[in-house]
Amino acid sequence: MCGIIGIVGKDGVAERLVEGLRRLEYRGYDSAGVAAIHDGAIERRRAEGKLANLVKELESNPLPGTTGIAHTRWATHGAPTTSNAHPHATKEVALVHNGIIENFKALREELTARGRVFASETDTEVVAHLVSELVEQGASPRDAVAQVLPRLHGAFALAILFRGSPDMLIGARLGSPLVVGYGDGETYLGSDALALAPLTQRIAYLEEGDWVVITKDGAEIFDKDNAPVERPITISGVTGELISKGNHRHYMLKEIYEQPVVVAQTLRSYLRRMEDQVSLPVPDFDLGTIRRVTIVACGTSYYAGMVAKYWFEQLARVPADVDVASEFRYRAPVMEDGGLMIVISQSGETADTLAALRHARSEGQKIAAVVNVPTSTMAREADLLLPTHAGPEIGVASTKAFTCQLAVLAAFAANLARAKGRLDAKAEKELVRHLAEAPAALNAALAYDESIEAMAHLIAVARDVLYLGRGPDYPLALEGALKLKEISYIHAEGYAAGEMKHGPIALIDDKVPVIVLAPSGPLFEKTVSNMQEVQARGGKVVLISDYDGVQAAGEGCIATITMPKVHPLIAPMVYAVPVQLLAYHVAVAKGTDVDQPRNLAKSVTVE
Ligand code: F6R
């Protein structure tokens, strides 16, 4: 969740560390800090709140030095105050940490008993004291780190600075990602390649349990048993341009607008248009033997999984379960031979999803991973990697990753259907043609941006909003509600339209706008009946449908949003656009921080 970066460099590092933090702020923005060695001492600058506060602090109190570490925090232990901000330091050692040290209480008690005094409420500070204690007793930084790492339970990525070794940093990872960047006479540590994008493209990904000593001349990597290891250096391909806002006011808007291109990019690697066939990487297991699919994910990725359940069942006739990852392990799920787990994750690092993946693997399941970061932990641990090609998603609210996930999952469901003998060549051809229409349909949906902006004020005044949908558009209702609540802070709920009459309809009055997602198709009539039940009770409805749907049922609505008419298979992708744009414009109308909504972080690497 937190973002970390370290530089052993040639010139002053503070400015470049802050530049790196800018690219990591999506991982948390409760506080930020830097430490460097200056005049033989460790010095820190830290500030509560967004990075801009740290920048101000550095302007009035600059921090020279050629070796330094920096951190942007998503608070877990201890309030988001300056004293809890990283780096945490003693006279000898400063460090930044991403993850949770689960046994920190016992370690803190042990250290306190030995007379160590703590300056924060964080779990991280124990690591600084443990390492410092050994260094103070004469241990080398390497020996100190090697002795301390096995004592830490939980998850961590660490970057550690030593007063006595000013041209070196030590990094370590277990459960939280950490990369090494190789520059020209400089070496870097970072939570991801994105943080290091302006500095270098040459990246080595540390493996679980690895630790690393970096100097200007390069890196020495050790595995969990302290044996020297080589990790391949790859070219990250992440450029500064990919992670700029372009002409858009917010990353979220830029990413919404990128959808036609990135969905096309994604589909290109899963469809063979000449032959009108789906074409997926061939796994090292026989897809035809898969008897059950278990989909596990969190948040927006979970809603993509809910849509995919319909496809796996309808197209492949394979039973499919969908679970929220944080609940999965704890309900002792029954996993039989022939089961395939599909994890879906933009980041590929979400701790809940990763834990579910590992649990399923230990129960003998095959694992497929639909992830947007092909170098992520989930990507590396899966038997079958199905990348989405959405490019870096910076806005905290997920948008383009979702539509790309849907594109991959639809192709995968078709592939499974073919492997199961449920999809003949003619049906496959038709399906591929519908999928190939998605980018143009997404483009057409974006054309309604201005009309959505114009009606956003109707929603911005509401305290509660309901979203309704049926079939594969029901998860879209859930996604619409999630988008609205996370960026505009308006309470919103999504319901299966037919479920309203079983309780939630009691909420209806003229102050609760109800957004109805009802594309023309087999479920249109039934959804409209549920919508009319709402209207009959004074409910104010916004209908999102295509031209025919709006003509048939738009009367009496407070607003209608017209989408292009599309095949039901791609409707969930296309209808994602209006729900994203609506949430976006409502948030802008309310003046909330669209790209960095309160209390959230983009990459959730704690359970
Ligand atoms: C909502 C959102 C989150 C993520 C969730 C899973 O807009 O972004 O709900 O979808 O935290 O993250 P990933 O997909 O990285 O596993």
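The figures that follow rest on heavy atoms only: side chains count, while hydrogens, waters and symmetry mates do not.
- Relative to the ring axis of Y205, R231 does not place its NZ or CZ within 45° and under 6.0 Å from the centre.
- Looking at R358 and E208, a side-chain N of the basic residue comes within less than 4.0 Å of a carboxylate O on the acidic one, giving a salt bridge.
- A salt bridge is absent between E486 and R598; no separation between the charged side-chain nitrogens and carboxylate oxygens falls under 4.0 Å.
- Salt bridge K56/E59: absent, no basic N to carboxylate O contact under 4.0 Å.
- The pair D30-K50 does not meet the salt-bridge criterion, since no charged nitrogen lies less than 4.0 angstrom from a carboxylate oxygen.
- Between L406 and F402 the shortest side-chain heavy-atom distance falls below 4.5 Å.
- Side-chain contact between H86 and S120: absent, with no pair of heavy atoms (C-beta onward) separated by less than 4.5 Å.
- The minimum heavy-atom distance linking A79 with E121 is given by the pair N-OE1, 3.4 Å.
- The pair R331-E327 fails the salt-bridge criterion, with no side-chain N (NZ, NE, NH1 or NH2) lying under 4.0 Å from an Asp/Glu carboxylate O.
- Ion pairing between a basic and an acidic side chain is recognised when a charged N comes within 4.0 Å of a carboxylate O; E110 and R151 show such pairing.
- Under the side chain to side chain donor-acceptor pair (under 3.5 Å) test applied with S398, the options E255, K483, E393 reduce to a single match, E393.
- Here I69 contributes atom CD1 and L158 contributes atom CG; the two are 9.5 Å apart, rounded to the nearest 0.5 Å.
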Working for side chain to side chain donor-acceptor pair (under 3.5 Å), residues Q405 and S301:
CA-CA 8 Å; Q405 287 164 352; S301 298; 3.1 Å; yes
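- Shortest non-hydrogen contact noted between G20 and I5 is CA-CD1, 3.7 Å.
- No salt bridge links D210 with K224; every basic N to acidic carboxylate O contact stays at or beyond 4.0 Å.
- F162 places none of its side-chain heavy atoms less than 4.5 Å from the side chain of E92.
- V34 places none of its side-chain heavy atoms less than 4.5 Å from the side chain of R44.
- We find that R292 and E336 are not joined by a salt bridge, their nearest charged nitrogen and carboxylate oxygen being 4.0 Å or further apart.
- Salt bridge absent: R361 and E363 never bring a charged side-chain N and a carboxylate O closer than 4.0 Å.
- T200 approaches G181 most closely through the heavy-atom pair CG2-CA, 3.7 Å.
- Checking L357, V371, D352 one by one against S345, the side chain to side chain contact (heavy atoms under 4.5 Å, CB included) holds for a single residue, V371.
- Nearest heavy atom pair, residue A157 against residue P177, reads CB-O, 3.4 Å.
- When every heavy atom of A219 is checked against every heavy atom of V212, the shortest pair comes out as CB-CG2, 3.7 Å.
- The two atoms that bring T67 and P166 nearest to each other are OG1-O, 2.6 Å, heavy atoms only.
- Side chain of N372 to main chain of A390: a donor-acceptor pair is present (N/O by atom type, distance under 3.5 Å, no hydrogens or angles).
- Salt-bridge formation is not detected for the pair R46/E57: no Lys NZ or Arg NE/NH1/NH2 atom is positioned less than 4.0 Å from an Asp or Glu carboxylate oxygen.
- A salt bridge links E220 with R142: the closest approach of a Lys/Arg side-chain nitrogen to an acidic carboxylate oxygen falls below 4.0 angstrom.
- For the pair R173 and F156, the cation does not sit on the ring face, since its NZ or CZ is not both under 6.0 Å from the ring centre and inside 45° of the axis.
- Between E186 and K10 there is no salt bridge, since none of the side-chain N atoms of the basic residue sits less than 4.0 Å from a carboxylate O of the acidic one.
- In this structure, Y188 and I214 have side chains that are not in contact, with every pair of non-hydrogen atoms separated by 4.5 Å or more.
- The shortest side-chain heavy-atom distance between Q137 and L134 falls under the 4.5 Å cut-off.
- A donor-acceptor contact under 3.5 angstrom links the side chains of H129 and E125, judged on distance only.
- Looking only at distances, a side-chain donor or acceptor of E349 sits under 3.5 Å from a matching main-chain atom of T377.
- By the 4.5 Å heavy-atom criterion applied to side chains, L130 and L152 are counted as neighbours.
- T403 places none of its side-chain heavy atoms less than 4.5 Å from the side chain of T388.
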